[in-house]
Amino acid sequence: MKKFVLPLAAVALVSLLSLGVSGSMPQDAEAQTARPNFVFILADDMRKDDLQYMPKTRAVLKSKGMSFQRAFVSNPACCLARATIMRGQYSHNSGVMNNMNGKHGGWEAYKRYGNEKRNVATRLNRAGYRTGLIGKYINGYNGSKVPVGWDKWFARWNDGSGGYFNYDVNDNGTRRHYGAQDSDYATDVLSRETRAFIESSVAARKPFFAYVAPKAPHEPATPAPRDEHTYDGLNASRPPSFNEKNISDKPPWVRNLSRLSDADRARIDRRHERRAESLQALDDLVAGVVNTIKNKGVMGKTYIFFTSDNGWNEGEHRIPSGKQRPYEEDIHMPLLVRGPGIAAGSVTSHKMVLNTDYFPTIMDLAGIRKPDYVDGRSLRRILKGNRTPTWRTAILLEGGRLHSPSFSGIRTSDRKYVAYDGGKKELYNLGRDPYELHNRHPAAKPRPWQVSRLRALKNCSGAGCQAAENGR
């Protein structure tokens, strides 16, 4: 591992920012340690059904906590989903609408709209939490600075691309290079850094928030050397939508896709095998983090979240790879939560939860008021097994530009309506057609309530989003 030092001016700026933030922290260590800890683990491009390849995670989180069967992301792309998690906002409110750095995308847009100064970490940090980001930050991040509000900063350099070996990290203002040795494997490095952060936080008697963002199973989906043959010969699933025979009802950017050839199928299967194998080190990371929390005696006051930023296509509707579409493969996420007061092995199968909800949930569990700009809602009552008087009956889908025109859509428990720029539409009855094989538009029209609620969701903000999701 090579070490490169950032310019002294940059290091000095980081130090000043850190001092400015820590100066407002409460000084009563006992009061701080009474608050719960949080570990938020975010996989990259992991589908909901990929959880089958992570037996340790299922054992230490799913069996010991709560699993959500209807967890979604609103905008299924890396940067956009991460901005939503950090801010608790739909993309149209965070201002981050695509992955590419610029006025409306990437790290540049994230900064431009003030998101670095106000997010889940800055909120916790001001309340006395020790905060750490370990892994991927926001697409386009160039490694030049440590944002305000983070005590531990171990962020990958320019992580819109790159692999699992030979990469650079900004380690609290110091640029470090990791090479091609087995010990440089990215997921394992993040595991070591996360466990060290937890240990040092407990030693300092500080409540902590660890945001852990590994690369797996994102392309190139390189497994750790020890896992290279774990799933030799594994094939991707073949749901009814795989290599869909009749796509005449789909919009033109799907209709133009050819049937998958034998070579296409083989490529999908090889990629799927690598993805499953790359998840083994992530499985080890989760188990290692849980063991560290146990060994340090803080399991009774630590919440652990595990989810993904977006899904991935593997041949459904003839789409050989990719994301950022409104189909279920892209938006339907794994979500496991373990922590105090959460019943072991519990399942939430009906309520729709969204990535806007993580910020307000953490605030609620920590006893901190959420900002008014947050669009999501707290999951605390669900996690604790209590009844929720009202809950959302719809979520907003928004995105596009990469594989299709921009879109906005509304998904309820059994219906989906998507409207694309240019006029194309998709309408599905998910209760009867869960694989989205039969677009009912234009033979059937969206119901008036779908159109009106979509209009309300597209323009909502803050508490207005909850009202629009509830149907008020």
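Count residues from 1 along the sequence. Just so it is clear, the structure is predicted and the values come from calculations on it, not from any experiment. Hydrogens, waters and symmetry mates play no part in the numbers below; they use all other heavy atoms, side chains included.
Checking Ser461 against Asn93 by side-chain atom types alone, no donor-acceptor pair falls below 3.5 Å.
Taking all atoms of both residues into account, the shortest heavy-atom contact from Ile368 to Leu124 is CD1-CD2, 3.7 Å.
With sequence neighbours excluded, the residues satisfying ring pair (Phe, Tyr, Trp, His ring centres under 6.0 Å) with His92 are Tyr90. Under the side chain to side chain contact (heavy atoms under 4.5 Å, CB included) criterion, Lys56 pairs with Asp283, Asp284, Ala287, not counting sequence neighbours. Residues satisfying the side chain to side chain donor-acceptor pair (under 3.5 Å) criterion with Ser191, sequence neighbours excluded, are Arg195. Remark: Ser63 engages no residue in a side chain to side chain contact (heavy atoms under 4.5 Å, CB included) (not counting sequence neighbours). Under the rule for a side chain to side chain donor-acceptor pair (under 3.5 Å), the partners of Arg238 that lie at least two apart in sequence or sit in another chain are Asp269. By the side chain to side chain contact (heavy atoms under 4.5 Å, CB included) test, Pro360 pairs with Lys370, Val374, sequence neighbours left out. In this view, Asp433 and Tyr428, Leu437, His438 satisfy the side chain to side chain contact (heavy atoms under 4.5 Å, CB included) rule, not counting sequence neighbours. When the disulfide (SG to SG under 2.5 Å) test is applied to Cys79, no partner is found at least two apart in sequence or on another chain. The side chain to side chain donor-acceptor pair (under 3.5 Å) test applied to Lys416 returns Glu328, Glu436, not counting sequence neighbours.
Here Phe209 and Tyr129 keep their ring centres 6.0 angstrom or further from each other. Ring to ring, Phe407 and Trp253 are not that close: their centroids are 6.0 angstrom or more apart.
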For residues 48-55, which side-chain N or O atoms pair as donor and acceptor with protein atoms under 3.5 Å away, sequence neighbours left out?
| unit_1 | atom_1 | unit_2 | atom_2 | d |
| --- | --- | --- | --- | --- |
| Lys48 | NZ | Gln69 | OE1 | 3.4 |
| Asp49 | OD1 | Arg47 | NE | 3.0 |
| Asp49 | OD2 | Arg47 | NH2 | 3.0 |
| Asp50 | OD2 | Arg47 | N | 3.0 |
| Asp50 | OD2 | Arg275 | NH2 | 2.8 |
| Gln52 | NE2 | Asp49 | O | 2.9 |
| Tyr53 | OH | His272 | NE2 | 2.7 |

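Applying the ring-ring contact (aromatic ring centres under 6.0 Å, His included) rule to pairs touching residues 55-83 yields Phe72-His332, sequence neighbours excluded. Listed by first and then second residue, the side-chain hydrogen bond (donor to acceptor under 3.5 Å, both in side chains) pairs involving residues 70-80 are Asn75-Ser91 (not counting sequence neighbours).
Atom OG1 of Thr131 and atom CG of Asn125 lie 4.0 Å apart (nearest 0.5 Å).
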